[in-house]
Amino acid sequence: MVPIHISTRVAELHKILHAHNYHYYVEQAPIITDHEFDQLLRELQEYEAAYPSLVTSDSPSQRVGGEVSEKFPKVAHPGPILSLGNAFGAEEAHDWAARIARLDDRVESTSFTVEPKIDGLTVVLHYENGLFVQGATRGNGEIGEDITANLRTIRSMPLRLPVAPDADVVVPTRLVVRGEAFLPVAEFEAMNEKLAAAGEKTYVNPRNTASGALRNLDTKVTASRPLTLLCYQVVLIEGVTLTSQWETLEYLKALGFPVPAVSTLFDKIDDAVAFCVEWGEKRHALTYETDGMVIKVNPNDLYEDLGITGKDPRAAVAFKYPAEEVTTTLNDIGVNVGRTGVLTPYAILEPVAVGGVVVKQATLHNFDFIFEKDIRIGDRVLIKRAGEVIPYVIGPVEAARSGAEVVFEIPTLCPVCGELAEQPEGEVAVYCMNTSCPAQLKRVIEHFVSRGTLDIDGFGEKLAVQLVDEGLLSDVADVFTLTKEQLLTLDGFAEKKAVNLVAAIDVAKTRPLDRLLSALGIKGVGDVAATDLAKRFGSLDALQAASVEDLVAIEGIGPISAQFVADWFVKPSNQKLLDKLRALNVWPTQAVVEASPDDEALAFSGMTFVLTGTLPNWSRSDAKAFIEQHGGKVSGSVSKKTSYVVVGASPGSKAAKAEQLGIQLLDEAALQALIAL
DNA sequence: GATCCTCGAGTTCG
DNA sequence: CTCGAGGATC
């Protein structure tokens with residue numbers, strides 16, 4: 001007997017999966033990601049495996065796909081274009097190998113290929129005597145759509161075989177090849193940058209963009225998209241015999257088909273799985289998006305003999321990486337107040353796993369962002385982790401709208417203090433205009449004591465909030481007059497913690513001028529400007545006495561920033577703050593450097609470096625100190641002017657951008673070696 | 001005046 | 001990391 005709750009859930013899964021199939025195949029507007037679909041299908045398959053009586057002929061697990069849209073003529077594939085079973089993680093991949101080993105003794109000693117699972121559109125290409133005659137989408141796996149004209153616009157697709165006329169290769173009389181059409185990530189980003197600059201709506205991801213382009217009725221649109229292609233399977237061949245997958249890949253390459261470069265042949269399944277795991281980290285270096293790798297039994301005869309289960313061949317499995325893009329519900333939009341008074345909206349999300357962690361919140365940057373993307377409260381939204389860390393809302397899934405979504409309204413009052421919020425002319429940001437807004441004060445103090453500025457150990461966001469709420473602080477100078485007795489009145493403070501904090505505050509009184517300057521939070525003055533100002537003026541007195549002209553003379557300070565500095569010193573509340581600091585003897589000075597030092601002799605003078613990833617022995621600040629010590633500059637972003645990019649473990653997009661711009665990459669050792677020259 | 005570059009600010013989770 | 005905005009440069 002099947003438990004009632006399971007049969008209910010299975011019926012529900014049937015309904016859900018059929019609906020998603022419809023959205024995906026017919027409307028071409030999926031409302032969940034492929035990964036989420038896989039998860040649901042898997043759940044169903046698990047129930048069906050446990051209770052075989054649940055398997056019905058109309059179960060979504062028994063179907064290869066869905067309907068075929070009416071837009072294009074239909075093409076019957078010469079053989080079924082199968083999908084693959086999934087393995088999430090190394091353990092499941094080993095389970096798969098063990099399963100097929102039990103079915104056939106030859107598996108024990110066979111070889112395997114590993115190929116990337118490209119996130120694009122499957123296409124089926126027909127050649128007769130070397131001539132490209134027809135191309136189709138995958139459709140439902142049996143019948144696809146004729147997109148021959150669109151495919152012809154893809155420049156990497158061979159129109160005549162062999163591509164190199166003098167290639168030493170036998171051309172089959174008939175050949176049907178399976179490949180993946182996609183938009184390279186870099187091309188996609190460049191396209192979106194252009195669209196964004198023109199104020200137009202941007203595309204959600206490369207896959208959807210490629211799909212739209214390839215299935216556009218106007219081939220001129222297809223041609224304008226830099227689509228490309230990689231091929232990896234022979235569906236049908238006449239006139240030539242191939243005996244293994246590896247031989248197939250080599251043969252396709254010889255004919256002139258583009259073949260995935262990372263494809264590798266392994267003698268042992270353990271090595272194949274290890275290779276998949278290894279690429280989980282490295283895959284972002286590829287020009288295309290992947291959500292996994294495909295492990296295939298190499299010899300064709302064994303591949304065939306292992307047969308098919310449902311809709312998947314037993315002899316291959318997709319090794320899937322954790323999803324990086326998921327959809328979830330936007331429950332609400334909250335508003336934060338920053339230390340400058342900027343109101344920043346953030347998404348309150350139905351918790352969802354992305355790239356291995358559960359995300360509940362994501363910033364929405366500013367109010368324009370919400371309206372440009374047309375994000376509404378209650379929407380299904382697509383989430384990714386930018387640079388594999390920070391959650392980022394890509395945009396709404398418009399196809400999933402019910403009509404109950406609510407358009408967000410820009411607040412006219414500060415959500416914390418209730419005072420009027422204003423948007424200065426020509427700016428995107430909306431500010432809370434109340435300078436004594438408690439939210440602002442909390443953030444100002446947090447910044448004052450944080451690691452990049454005065455670096456007071458044991459002083460963080462929570463304490464800043466506590467102290468302001470208790471009324472113990474009314475400006476940043478009050479931090480220095482905090483006593484052990486005051487701290488002991490706070491929740492979570494006992495003798496030892498209070499003593500340590502008072503000592504840490506004492507140490508911070510003698511931080512160098514540049515640190516104090518950036519701690520003050522003068523508009524336009526951060527890390528870099530503070531260092532430059534400190535170097536040129538040497539004391540707060542000298543800086544205060546400086547005219548706007550004096551300030552503009554510094555490279556990197558223009559008229560606007562100079563005015564911000566001058567205005568800051570004029571403000572009465574800041575004058576009061578300065579008086580307090582002076583009285584407390586928090587008044588660092590340093591030697592004035594008139595012009596840039598004569599560092600022509602230094603190895604790195606005139607060079608700009610960018611750091612990314614984690615270096616083996618040095619921290620980021622060690623590396624920065626090393627570069628600066630030798631006369632180089634360290635910048636945060638890669639540009640044409642960058643001399644070198646120093647790459648550590650698990651680098652971000654900066655390494656990719658450097659490669660794109662043809663900038664030389666260095667590791668820690670290579671950076672040190674530059675000095676030896 | 002346009003374009004590229006750099007800086008500053010806000011930001012998520014464990 | 002991403003975004004906005006100021007500064008440098010042609």
Side-chain angles (χ1 to χ4, degrees), chain A residues 189 192-194 196-198 202 284 324 334-349 351-370 372-373 383-395 423-431 439-440 442-444 446-447 450 452-453 461 517-533 551-565 608-613 633-643 650-657 661 663:
Chain A
E189 279 166 1
N192 258 358
E193 258 169 49
K194 259 190 228 157
T202 53
H284 302 288
E324 303 214 309
V335 177
N336 274 329
V337 183
R339 72 178 163 87
T340 56
V342 179
L343 304 190
T344 310
Y346 62 96
I348 300 168
L349 304 164
V352 64
V354 201
V357 303
V358 176
V359 170
K360 304 185 208 41
Q361 283 194 5
T363 180
L364 294 170
H365 305 291
N366 57 60
F367 299 113
D368 277 13
F369 184 89
I370 298 174
E372 257 162 40
K373 306 238 167 188
I383 309 292
K384 72 168 176 181
R385 297 228 291 158
E388 285 90 71
V389 185
I390 315 275
Y392 178 83
V393 178
I394 302 169
Q423 185 173 27
E425 183 75 30
E427 271 195 63
V428 167
V430 175
Y431 292 82
Q440 282 184 54
K442 286 170 189 171
R443 290 300 176 80
V444 164
E446 206 185 315
H447 174 245
S450 70
T453 56
E461 182 186 349
L517 264 179
S518 65
L520 290 172
I522 302 167
K523 196 167 178 185
V525 180
D527 220 23
V528 175
T531 305
D532 292 344
L533 289 171
L551 294 165
V552 171
I554 296 173
E555 196 175 304
I557 307 280
I560 297 173
S561 301
Q563 196 59 53
F564 285 149
V565 175
T608 307
F609 293 76
V610 174
L611 306 171
T612 181
K633 281 210 294 184
V634 175
S635 161
S637 54
V638 180
S639 70
K640 277 189 297 196
K641 291 188 179 168
T642 308
S643 320
S650 58
S653 63
K654 283 177 232 169
K657 177 140 190 212
L661 292 172
I663 290 162

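On a predicted model such as this, the values are computed, not experimentally measured, just so you know.
- Proximity of Arg443(A) to the phosphate of dG10(B): no side-chain N or O atom is located under 4.0 Å from OP1 or OP2.
- Side chain of His365(A), nearest nucleotide from dT2(C), dG7(C), dT11(B): dT2(C).
- Atoms CG (Asn366(A)) and C1' (dT2(C)) sit 10 Å apart, rounded to a whole Å.
- Rounded to the nearest 0.5 angstrom, Leu551(A) CG and Gln563(A) CD are separated by 9.5 Å.
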Output a table of nitrogen or oxygen pairs between the protein and nucleotides 2-5 of chain B separated by less than 3.5 Å.
unit_1, atom_1, unit_2, atom_2, d
dC5(B), OP1, Lys640(A), N, 3.2

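- Side-chain nitrogen and oxygen atoms of Thr340(A) include at least one within less than 4.0 Å of the OP1 or OP2 phosphate oxygen of dG10(B).
- In this structure, Tyr392(A) and His365(A) have tilted ring planes: the angle between them lies in the 30° to 60° band.
- Stem analysis of DNA chain C (Watson-Crick or G-U pairs, both distances under 3.5 Å, runs of at least three) returns B:1-10 with C:1-10.
- Taking atom CD of residue Gln440(A) and atom P of nucleotide dA9(B), one finds them 13 Å apart after rounding to whole Å.
- Summarising the geometry, the separation between CG on Leu343(A) and C1' on dG10(B) is reported as 13 Å, rounded to the nearest angstrom.
- Tyr346(A) meets the ring pair (Phe, Tyr, Trp, His ring centres under 6.0 Å) test with no other residue; sequence neighbours excluded.
- Remark: Asn336(A) is not in phosphate contact with dG10(B), judged by side-chain N or O atoms under 4.0 Å from OP1 or OP2.
- Annotation: side chain of Thr344(A) is not in contact with side chain of Asn366(A) (no heavy-atom distance under 4.5 Å).
- Look at CD on Gln563(A): it is 16 Å from C1' on dG7(C), rounded to the nearest Å.
- Judged by distance alone, with hydrogens and angles left aside, the side-chain atoms of Lys373(A) form a donor-acceptor pair with the main-chain N or O of Ile394(A) at under 3.5 Å.
- The environment of Glu555(A) atom CD is sparse: at most 12 non-hydrogen atoms of other residues, nucleotides or ligands sit within 6.0 angstrom.
- For the atom pair CG (Leu364(A)) and CD1 (Ile370(A)), the distance works out to 5.0 Å, reported to the nearest 0.5 Å.
- Once rounded to the nearest 0.5 Å, the distance linking CD of Gln361(A) with CD1 of Ile383(A) reads 11.5 Å.
- Atoms NE2 and OG, from His447(A) and Ser518(A) in turn, are 5.5 Å apart once rounded to the nearest 0.5 Å.
- Which of dC13(B), dG8(B), dG6(C) sits closest to the side chain of Ser561(A) comes down to dG6(C).
- Note on Val342(A): nothing from the nucleic acid sits closer than 4.0 angstrom, heavy atoms only.
- Taking atom NZ of residue Lys523(A) and atom C1' of nucleotide dG8(B), one finds them 11 Å apart after rounding to whole Å.
- Note: CD (Glu427(A)) to P (dG8(B)) measures 16 Å, nearest angstrom.
- Distance from the side chain of Tyr346(A) is smallest to dT12(B) among dG14(B), dT12(B), dG7(C).
- Picking from dA5(C), dT12(B), dG10(B) the nucleotide with the shortest atom distance to the side chain of Val428(A) gives dA5(C).
- For the pair Leu349(A) CG and dT12(B) P, the interatomic distance rounds to 10 Å; values are reported in whole Å.
- Rounded to whole Å, the distance from OH on Tyr392(A) to C1' on dG10(B) is 14 Å.
- Comparing dT11(B), dG8(B), dA8(C) by their nearest atom to the side chain of Glu555(A) picks out dA8(C).
- Side chain of Thr531(A) to backbone of Asp527(A): a donor-acceptor contact under 3.5 angstrom is found.
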